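Keep in mind the model is a prediction, meaning the values are calculated, not measured.
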Amino acid sequence: MKAAFLLVAVAATGAALWFSGVFSPAARHLLITESTASPMGNGAAAVLTIDNQGAPDQLVAVSSPTATVMLHGAEAGLPIQTGTSSLATDAAHIMIRSDTPFEDGALIPVTLTFANAGDTSVNIRYATPNPDSMAAHSAMGHGTMQHDVGDGPQPTVSLSVERVENGWLAQIETTNFTFSEAMQDGDHVDGTGHGHIYLGGMKLGRVFTNSYSIGALPSGQHILRVSLNTNDHRAYAVDGTPVEAETIITVD
């Protein structure tokens, strides 16, 4: 069966949402969206979202015919849950370098290699973000920005996980901290915010309650980590140490 090519651009809230790829038949259950790259260091950092509508898998390699690419922040195969997860600037992501400068709007072909699904090729759109946008903060190292509580009340977080039907359930307990979805992207208010949750380098999403559902996972041991973040997405810290917790999920 020949691989099918799909390239669709959808405009939403003033931004382009890219769906692009050359799929092997075994990878048709993987929907790759929001594949963009922005300047970082001497190259570009590429992020994307993977909606896995099939069995769990692992992202094991990346390659490109036009640039030098590598997975940054990943020592081994990245676990791809059944459901949605992302490469992000504050998690594992793709570093891209080229002998020639990237032009705004350029499409960079990158092939993602999965342990079970095989190769899926995507076109990653390069863009220099508006200096005042959240993307610009990400390009400057969004994941390392911190808010140190100083002498104020010190938030804490603990994390546990249990197996449930069709996946896992993380339980997140905090002190001196209140989750607030309504206040995300707003001004900082002491002791409020949201969480960011990561699995083996992949970013699963934001946390707004004391529990978070995770889909089926590939076999192996996976580090689950949650951090507490301010409304404006800085990481809460105490004496320079991020307020976060982690545990290990073992899948036979």
Between [Y] and [X], is there a side-chain heavy-atom distance shorter than 4.5 Å?
X	Y	value
Leu59	Leu87	yes
Asp185	His233	yes
Leu48	Ile94	yes
Ser211	Leu169	yes
Val226	Tyr212	no
Pro56	Gln81	no
Ser121	Pro109	no
Phe102	Ile108	yes

Can you tell me how far apart [atom1] ([X]) and [atom2] ([Y]) are? Round to the nearest 0.5 Å.
X	Y	atom1	atom2	answer
His194	Met183	NE2	CE	12.0 Å
Leu217	Leu224	CG	CG	9.0 Å
Arg225	Leu204	CZ	CG	10.5 Å
Leu71	His93	CG	NE2	9.5 Å
Asp187	Asn231	CG	CG	8.0 Å
Phe208	Gln184	CZ	CD	3.5 Å

For [X] and [Y], which heavy atoms make the closest approach, and how far apart are they?
X	Y	result
Phe179	Thr209	CE1-O, 3.6 Å
Ala127	Pro39	O-CD, 3.8 Å
Ala37	Ile96	CB-CD1, 4.4 Å
Gln146	Pro242	NE2-CG, 3.5 Å
Gly193	Phe177	C-CZ, 3.5 Å
Gln58	Gly77	NE2-O, 3.8 Å

Kindly determine whether Leu199 and Trp168 satisfy side-chain contact (heavy atoms from CB on, under 4.5 Å), including the steps that lead there. CA-CA 12 Å; Leu199 179 77; Trp168 303 80; over 6 Å; no
Return yes when atom [atom1] of [X] has more than 12 non-hydrogen atoms of other residues, nucleotides or ligands closer than 6.0 Å, and no otherwise.
X	atom1	result
Ile223	CD1	no
Asp104	CG	yes
Glu162	CD	yes

Short side-chain to backbone donor-acceptor contact, [X] and [Y], under 3.5 Å:
X	Y	value
Thr111	Ser64	no
Asp57	Ile80	no
Thr82	Gly54	yes

Applying side-chain contact (heavy atoms from CB on, under 4.5 Å), run through Val157 and Leu159 and close with a yes or a no. CA-CA 7 Å; Val157 61; Leu159 177 65; 5.8 Å; no
Between [Y] and [X], do the side chains contain a donor N or O and an acceptor N or O under 3.5 Å apart?
X	Y	result
Thr156	Thr175	yes
Asn229	His147	no
Thr192	Thr178	no

Are [X] and [Y] joined in one hydrophobic group, where the rule is that I, L, V, M, F, W and Y side chains link up if heavy atoms are under 4.5 Å apart?
X	Y	result
Val62	Ile124	yes
Val238	Ile172	yes
Met95	Val47	no
Met70	Met40	yes
Val207	Met202	no

List the steps, then state whether side-chain contact (heavy atoms from CB on, under 4.5 Å) holds for Leu30 with Leu112. CA-CA 11 Å; Leu30 298 173; Leu112 312 177; over 6 Å; no
Evaluate the side-chain contact (heavy atoms from CB on, under 4.5 Å) criterion for residues Thr49 and Thr84: first the C-alpha distance (whole Å), next the side-chain angles of each, then the deciding distance (0.1 Å), finally the verdict. CA-CA 7 Å; Thr49 296; Thr84 301; 3.4 Å; yes
